Amino acid sequence: MRSRLYPMFKYTVIALWACFVAGPFFWAMTTSFKNANAVQGGPTYLPWAQYEPTLTGWRNIFGGAGGVDVIDPFLNSAIVTLAASAISLALGSLAAYALSRYRFRLGFIKNGDIVFFFVSQRIMPPVVLVIPFFYLLQWGGLLDTIPGLVIVTIALLLPIAVWVMVDFFNGIPREIDEMAMLDGCGPFQTFVRAILPNSLPGLTVAAMFCAVFGWNDFFFAFRLTFTEVQTLPQAVVALNSSIPPWWTLSAAALFGVTPLILLAIWVERYLSKGNLSGAVR
């Protein structure tokens, strides 16, 4: 009896959790194809059977009447996320490799303390950091600019890259470094030619984390930009008025999350390839 009940319970929990996760996406998808009358008429989920689908919400997010043009905010978010993620991944990988392969000590401060210092930057509440960032960008004339947002986003993503890559580099045998150095490679050449090719899974995971956190950042973009620069999360939130146009808001939310879904699908195959190649090191 127990052997029969356990699979039923397990799959029931999985199904409920899948519904909980997919429910908001299904609601947003159906709502994005409605108009004001369909939304105000009560819960309806079956197109053509319960309501007539319309592209009003999708037209609105591309500059239609009563909406907002999301193209410029989308491009701003893409530039900030790609630039900050690439720089954070490059600097974070170098720092993580040094912390994994070399021993640093300054009094009681050791490698583990340095790694914890990086991670602790993500523990602090954002409101604690926004004031120093504001004055630093103001001093440098970078408030309300894309370069200013890139600098701040790098500061937020670099701890993630270091944390992920340190753990991954610790799992790569040191014999690979030794073999590369016997072939005449210096430390940097060893890192580039021997370690990075074996680090695809770790780099992929770190890149995914950086992309997700960079793309979804709202607080710092909201506090450090005013009129010249607007990111996609700001554009979506701007639609949430006292009487929000749910059809437009749903379309904008789906448009904002689509790049991350496509990115996750694209990098999944590299994660699988990396795990298989790591088994034959």
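Keep in mind it's a predicted model, so treat the numbers as computed, not measured.
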Contacts of R101 that satisfy side-chain hydrogen bond (donor to acceptor under 3.5 Å, both in side chains) - sequence neighbours left out |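 Expected list: D177.
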T190: partners by side-chain hydrogen bond (donor to acceptor under 3.5 Å, both in side chains), with sequence neighbours left out | none
Which pairs of donor and acceptor atoms, one on a side chain in residues 151-167, lie under 3.5 Å apart (sequence neighbours left out)?
{"from": "T153", "atom 1": "OG1", "to": "L149", "atom 2": "O", "distance (Å)": "2.6"}

Can you tell me how far apart [atom1] ([X]) and [atom2] ([Y]) are? Round to the nearest 0.5 Å.
| X | Y | atom1 | atom2 | value |
| --- | --- | --- | --- | --- |
| F116 | Q121 | CZ | CD | 9.5 Å |
| N198 | F169 | CG | CZ | 10.0 Å |
| M29 | T31 | CE | OG1 | 10.5 Å |
| M208 | L203 | CE | CG | 14.0 Å |
| L232 | D72 | CG | CG | 11.5 Å |
| S250 | I61 | OG | CD1 | 10.5 Å |

Mind checking whether [X] and [Y] sit in one hydrophobic cluster, side chains of I, L, V, M, F, W, Y counted as touching below 4.5 Å?
| X | Y | answer |
| --- | --- | --- |
| L89 | L196 | yes |
| Y102 | L99 | yes |
| L224 | F226 | yes |
| L254 | V212 | yes |
| I79 | L142 | no |

For atom [atom1] of [X], decide whether the heavy atoms of other residues, nucleotides or ligands shown that lie under 6.0 angstrom number more than 12.
| X | atom1 | result |
| --- | --- | --- |
| R193 | CZ | no |
| F117 | CZ | no |
| M179 | CE | no |

I want to check something: taking the side chain as every heavy atom from C-beta on, are [X] and [Y] in contact at a cut-off of under 4.5 Å?
| X | Y | value |
| --- | --- | --- |
| N216 | L260 | yes |
| F74 | I71 | no |
| F33 | T54 | no |
| V205 | F168 | no |

Identify the heavy atoms of [X] and [Y] that sit nearest to each other, and give their distance.
| X | Y | answer |
| --- | --- | --- |
| N170 | S100 | OD1-OG, 2.8 Å |
| A238 | Q230 | CB-NE2, 4.4 Å |
| T30 | K34 | O-CG, 3.3 Å |
| T81 | A211 | CG2-O, 3.7 Å |

State which residues pass ring-ring contact (aromatic ring centres under 6.0 Å, His included) with F219; sequence neighbours excluded, sorted by chain then number.
->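 Partners of F219 by the ring-ring contact (aromatic ring centres under 6.0 Å, His included) criterion come out as none, since no residue qualifies.
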ring-ring contact (aromatic ring centres under 6.0 Å, His included) with F213: which residues, sequence neighbours excluded?
->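 Listed in chain order: nothing, the list is empty.
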Would a distance-only check, ignoring hydrogens and angles, find a side-chain to backbone donor-acceptor pair under 3.5 Å from D144 to E228?
-> yes
Spell out, as yes or no, whether a donor-acceptor pair under 3.5 Å connects the side chain of S199 to the backbone of G202.
->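 No, the answer is negative, given that no donor and acceptor are paired below the 3.5 Å cut-off.
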Report the C-alpha separation of F255 and F62 in whole Å, then their side-chain angles, then the decisive distance to 0.1 Å, and conclude whether the ring pair (Phe, Tyr, Trp, His ring centres under 6.0 Å) test is met.
-> CA-CA 11 Å; F255 181 76; F62 295 108; 5.5 Å; yes
Verdict with reasoning, Y97 to L94, per side-chain contact (heavy atoms from CB on, under 4.5 Å) | CA-CA 5 Å; Y97 179 69; L94 289 169; 5.9 Å; no
Can you label the angle between the F222 ring and the F218 ring as parallel, tilted or perpendicular, going by 30° and 60°?
-> parallel
Member of W247, W58, W246, W27 meeting the side chain to side chain donor-acceptor pair (under 3.5 Å) criterion with S32 |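 That would be W58.
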Please lay out, stage by stage, how F191 and S93 fare under the test side-chain contact (heavy atoms from CB on, under 4.5 Å).
-> CA-CA 9 Å; F191 171 71; S93 297; 3.9 Å; yes
In residues 124-141, what donor-acceptor pairs under 3.5 Å come from side-chain atoms, sequence neighbours left out?
none

